[in-house]
2 protein chains.
Amino acid sequence: MLSSILFYSLDKAIRSYRRFAQANIDRAGIPITIDQWLVLRVILEHDDLTQLEIAERVFKDQASVARILALLTQRGLLSAVPLPHDGRRTKLRVSEAGHQILEAVQPIVLSNRHQALSGLSDTDQALLRELLDRISLNCAQPAANLLAQP
Amino acid sequence: MLSSILFYSLDKAIRSYRRFAQANIDRAGIPITIDQWLVLRVILEHDDLTQLEIAERVFKDQASVARILALLTQRGLLSAVPLPHDGRRTKLRVSEAGHQILEAVQPIVLSNRHQALSGLSDTDQALLRELLDRISLNCAQPAANLLAQP
DNA sequence: TCAAAGACTATGATATATCATACAAGTTGC
DNA sequence: GCAACTTGTATGATATATCATAGTCTTTGA
């Protein structure tokens, strides 16, 4: 049975949460996706990252980030100023409109997390995080080679 | 810090696992995606589901399933025979080629899970599942209404 | 200083996610 | 037996995921 597989529960949990969270953001009439929000947050915390560095922080690849940045810029939530010392890059800055959206979303984000974690004690949450991080770590290792080359 | 958020760890874990698992399948030269595999598996277990019922089992929506089914059919891994008693539907059947791919992937799937869960005891795994299922359950509830209507 | 190597971004191709909607076919109520 | 409703599938539009690659710019090394 598929439902007996742990990764099935893992997939279900994150999909349920993302749908739930996005639905609440949509319901509040705030025009942003969770992925766009996450990228904005990263830029807010560090304003001198390359697309690859942003990608690593949000677990996406560089191409996905490039497209999200293009969208955010196009929507006026982000501005990109060329960096003088490197002609390839730009300095990304969250615009005023971007800040406003981040502020508007913040209480919804907190409420979403609170509801999603209701019934989990602090101990539960700490343990959950530990187990999840262990899985991430395991998957970052090079794969065991089923078809090992001589 | 984003990294202190539990859902960040959750997102990271499932993305790490999916990349890891897909890379191992690709490396073995088996031409199937994890999502396609999952849908095939569901059809194998129950051969009389509507697209919506399949979607519920794999946590996708009907539109996504429709497109995955079209692809699987186009690639010859699935056949669709019209059902006599309902002109809208078809009976889905995993083809011989589909069975072969499922068999070829199976050892890789098992190895992936084993590696990803290494270091987690049975107790850990049971607890992890419990916590994840609780989150899914919490997110299935209608949202708390921040802007409650009188 | 110049050529090779490396870093950074953009984009084409394909797959999936989601909403909305169109269309077809079945069911129900009267 | 027909209209209204419901169910099932397909698809357009937009966003994200991923790989591969092209194009630009920087750094390195002799």
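Within every chain, numbering begins at 1; the chains are lettered A, B, ... in the order of the sequence lines, protein sequences first and strands thereafter. The figures that follow rest on heavy atoms only: side chains count, while hydrogens, waters and symmetry mates do not.
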A/Phe59 atom CZ is separated from D/dT16 atom P, nearest whole Å, by 17 Å
Once you measure the plane-to-plane angle for A/Tyr17 and B/Phe7, does it fall in the parallel (<30°), tilted (30-60°) or perpendicular (>60°) bin?
parallel
C/dA15 P sits how many Å from B/Lys60 NZ, rounded?
14 Å
Under 3.5 Å: donor-acceptor pair, side chain of A/Ser64, backbone of A/Lys60:
no
Hey, does the side chain of B/His46 reach the backbone of B/Val42 with a donor-acceptor pair shorter than 3.5 angstrom?
no
Between B/Leu71 and A/Ala63, which is nearer to the 5' end of DNA chain C once each is assigned its nearest nucleotide?
A/Ala63
Send over the distance from A/Asp86 CG to C/dT9 C1', rounded to a whole Å.
11 Å
Looking at every strand, decide which applies to B/Arg18 at a 4.0 Å heavy-atom threshold: base, sugar-phosphate, or nothing.
nothing
Using whole Å, report how far CD of A/Gln74 lies from P of D/dA15.
7 Å
Base, sugar-phosphate, or nothing for B/Asp61, non-hydrogen atoms under 4.0 angstrom?
base
Look at the side-chain N and O atoms of B/Arg19 and state whether any lies under 4.0 Å from the OP1 or OP2 oxygen of D/dC19.
no
Rounded to whole Å, the CG-P distance (B/Leu72 to D/dA10) equals 13 Å
Minimum-distance nucleotide to A/Gln51 side chain [options: D/dC25, C/dA10, C/dT16]
C/dA10
Mind checking if B/Ser64 touches a base, just sugar-phosphate, or nothing, with heavy atoms under 4.0 Å?
base
Check if the side chain of B/Gln62 and the base of D/dA10 share a donor-acceptor pair of N or O atoms closer than 3.5 Å.
yes
Given that B/Arg67 and B/Arg88 both sit by DNA chain C, which one's nearest nucleotide is further toward the 5' end?
B/Arg67
From CG of A/Asp26 across to C1' of C/dC19 the rounded distance in Å is 10 Å
Side-chain donor or acceptor of B/Gln22 paired with backbone N/O of B/Ile32 under 3.5 Å
yes
Any N/O donor-acceptor pair, A/Gln22 side-chain to C/dA17 base, under 3.5 Å:
no
CD1 of B/Ile54 versus C1' of D/dT7: gap in Å, rounded?
15 Å
May I ask you to evaluate whether B/Thr50 reaches the phosphate of D/dT7, defined as a side-chain N or O under 4.0 Å from OP1 or OP2?
no
Nearest whole angstrom, please: distance from the P of C/dA17 to the CG of B/Asp11.
14 Å
Given A/Lys91, A/Arg89, A/Arg93, the one that forms salt bridge (Lys or Arg N to Asp or Glu O under 4.0 Å) with A/Asp48:
A/Arg89
B/Arg15 or A/His85, whichever maps to the more 5' nucleotide of DNA chain D
B/Arg15
